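Both backbone and side-chain heavy atoms feed into the values below; hydrogens, waters and symmetry mates do not. It should be emphasised that the depicted structure is a prediction, and the values quoted were computed from it without experimental measurement.
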Amino acid sequence: MAGLISSPRPYYGQQQPYSRGLSAYTETPPLNAPLAHPVPHQPLGHLGGGLPSTLVAHDDNKINMLVVQLLDPATRETALLELSKKREQYDELALVLWHSFGVMPALIQEIVSVYPLLSPPNLTAHVSNRVCNALALLQCVASHTETRQLFLSAHIPLFLYPFLNTTSKTRPFEYLRLTSLGVIGALVKQNDNNTVIHFLLSTEIIPLCLRIMETGSELSKTVAIFIVQKILLDETGLTYICHTYERFYAVGTVLGNMVTQLVETQAVRLLKHVVRCYLRLSDNMRAREALRACLPEPLRDQTFSTLLKAYMVTKRCLTTLLNNLNEP
């Protein structure tokens with residue numbers, strides 16, 4: 001299991017704020033939203049719900065035709081776009097993608113082909129949208145209960161890490177990071193994710209998420225901290241992060257910097273996740289002792305009291321955190 005000690009230290013740079021809205025975000029980021037598109041496509045219901053069998057068969061045939069078109073480089077781009085639009089409407093798309101000969105290699109080829117454009121940064125909006133559509137299909141596979149473990153066993157998430165490791169401030173790179181985070185978020189969103197957590201802890205996902213939490217757009221920060229929060233909620237993840245001072249310090253420093261930023265931005269969605277991360281850290285006795293000395297002052301005083309008036313669950317979490325730290 002790779003530790004943060006051997007991981008490259010996150011580069012804490014400055015990032016221009018990303019203009020994409022957060023209106024669709026709730027307490028938990030909607031990781032099933034097709035992030036590859038500026039305006040996410042809304043789910044239109046599942047096929048088969050009261051529809052005539054001939055219409056269902058027609059739609060099945062259309063999906064199958066698009067999947068076949070993924071294998072042809074000449075038709076792949078259009079197929080990627082159309083399938084990414086339809087993935088909310090077709091329950092079994094993940095199974096079709098995984099078990100269709102040559103489809104997963106074609107999606108991975110789309111991802112790998114972009115690597116030369118990452119450094120020096122030379123990614124256009126067109127290329128970014130195309131690879132984000134491929135990532136949206138991978139997110140579909142990562143979300144499905146019958147393909148998630150297969151997806152993990154094939155180590156496909158590792159193909160996304162070069163995208164998460166980019167630092168360019170341009171929108172094409174932001175889309176790429178955000179959609180890649182969505183794939184990882186889809187993996188950890190499930191409840192039975194102990195295997196997922198073990199896998200992620202053997203990789204560089206925590207340093208990558210920490211850097212995005214500090215320098216990314218508000219939406220990227222929200223998905224990145226959601227991933228870290230889900231890792232912390234797992235007992236193995238909590239123990240791993242609190243096992244060494246360096247790991248705890250890396251997480252605590254970024255959370256503290258986020259609190260400082262939140263004093264200015266008043267981004268309540270991010271504040272919810274920050275409070276939950278601190279609360280979960282306080283469940284570890286060694287971390288609790290450290291938090292007594294290093295918990296940011298804005299969380300101790302009334303800095304966020306007005307902001308949290310309408311968010312009683314988060315307010316109670318903050319109260320519980322402070323009570324934990326005041327216990328002898």
Side-chain angles (χ1 to χ4, degrees), residues 18 20-21 24-25 29-48 56 58-114 117 123-148 150-151 154 156-157 159-160 163-164 171-187 189 219-220 223:
Y18 190 54
R20 181 170 177 174
Y25 261 57
L31 298 169
N32 59 344
L35 299 176
H37 305 283
V39 181
H41 301 282
Q42 299 300 318
L44 300 177
H46 301 300
L47 295 180
V56 174
H58 172 75
D59 288 333
D60 284 348
N61 289 336
K62 187 172 182 179
I63 291 291
N64 291 333
M65 184 184 303
L66 289 170
V67 170
V68 171
Q69 290 174 359
L70 289 175
L71 303 179
D72 185 351
T75 57
R76 183 177 299 162
E77 182 172 4
T78 300
L80 287 171
L81 176 60
E82 293 303 316
L83 283 170
S84 67
K85 292 178 181 178
K86 294 178 180 297
R87 65 196 185 96
E88 293 294 330
Q89 307 168 31
Y90 191 70
D91 282 342
E92 305 307 317
L93 180 58
L95 295 173
V96 173
L97 292 172
W98 184 265
H99 294 291
S100 296
F101 178 80
V103 168
M104 294 307 296
L107 296 179
I108 292 173
Q109 183 182 35
E110 285 293 308
I111 292 170
V112 173
S113 68
V114 178
L117 304 178
L123 189 66
T124 65
H126 174 79
V127 173
S128 177
N129 275 332
R130 174 167 173 161
V131 71
C132 282
N133 286 330
L135 290 169
L137 297 184
L138 290 185
Q139 182 174 323
C140 176
V141 176
S143 302
H144 199 283
T145 55
E146 295 184 40
T147 54
R148 186 159 56 99
L150 297 169
F151 183 85
I156 293 177
F159 286 98
L160 281 55
F163 299 157
L164 298 177
R171 181 168 294 191
F173 278 91
E174 178 61 24
Y175 270 122
L176 198 57
R177 284 189 294 269
L178 180 58
T179 315
S180 299
L181 285 169
V183 179
I184 307 300
L187 285 171
K189 193 176 184 181
L219 188 52
S220 290
V223 183

Considering non-hydrogen atoms only, spot the tightest contact between [X] and [Y] and give its length.
{"X": "C140", "Y": "R87", "value": "N-NH1, 4.0 Å"}
{"X": "L70", "Y": "A106", "value": "O-CB, 3.9 Å"}
{"X": "R130", "Y": "P73", "value": "NH2-O, 4.4 Å"}
{"X": "R177", "Y": "F163", "value": "CG-O, 3.2 Å"}
{"X": "L160", "Y": "I111", "value": "CD1-CD1, 4.2 Å"}
{"X": "V141", "Y": "T147", "value": "O-OG1, 2.6 Å"}

Heavy-atom side-chain contact between L181 and S220 under 4.5 Å: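 SC-SC contact between L181 and S220 confirmed.
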
Flag side-chain contact, heavy atom, 4.5 Å: P157 against V183: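 The answer is no; the side chains never approach within 4.5 Å.
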
From CA spacing to verdict: side chain to side chain contact (heavy atoms under 4.5 Å, CB included), L71, F101: CA-CA 9 Å; L71 303 179; F101 178 80; 5.5 Å; no

Supply the atom-to-atom distance [X] [atom1] to [Y] [atom2], rounded to the nearest 0.5 angstrom.
{"X": "H144", "Y": "L93", "atom1": "NE2", "atom2": "CG", "result": "9.0 Å"}
{"X": "W98", "Y": "L138", "atom1": "CH2", "atom2": "CG", "result": "9.5 Å"}
{"X": "S128", "Y": "R171", "atom1": "OG", "atom2": "CZ", "result": "10.5 Å"}
{"X": "L219", "Y": "L178", "atom1": "CG", "atom2": "CG", "result": "4.5 Å"}
{"X": "E92", "Y": "D60", "atom1": "CD", "atom2": "CG", "result": "9.5 Å"}

Just to verify, what does [X] make a side chain to side chain contact (heavy atoms under 4.5 Å, CB included) with, not counting sequence neighbours?
{"X": "E82", "answer": "L66, T78, K85, K86"}
{"X": "A134", "answer": "L80, L107, E110"}
{"X": "I108", "answer": "V112, I156, F159"}

Option passing side-chain hydrogen bond (donor to acceptor under 3.5 Å, both in side chains) with S84 (candidates N133, N129, T179):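 Single side-chain hydrogen bond (donor to acceptor under 3.5 Å, both in side chains) partner of S84 among N133, N129, T179: N133.
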
Between H99 and E146, a side-chain donor and acceptor under 3.5 Å: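 No, E146 and H99 have no side-chain donor paired with an acceptor closer than 3.5 Å.
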
N/O donor-acceptor pair under 3.5 Å between T75 side chain and Q69 backbone: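 Indeed, once roles are kept as given, a pair shorter than 3.5 Å links the two residues.
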
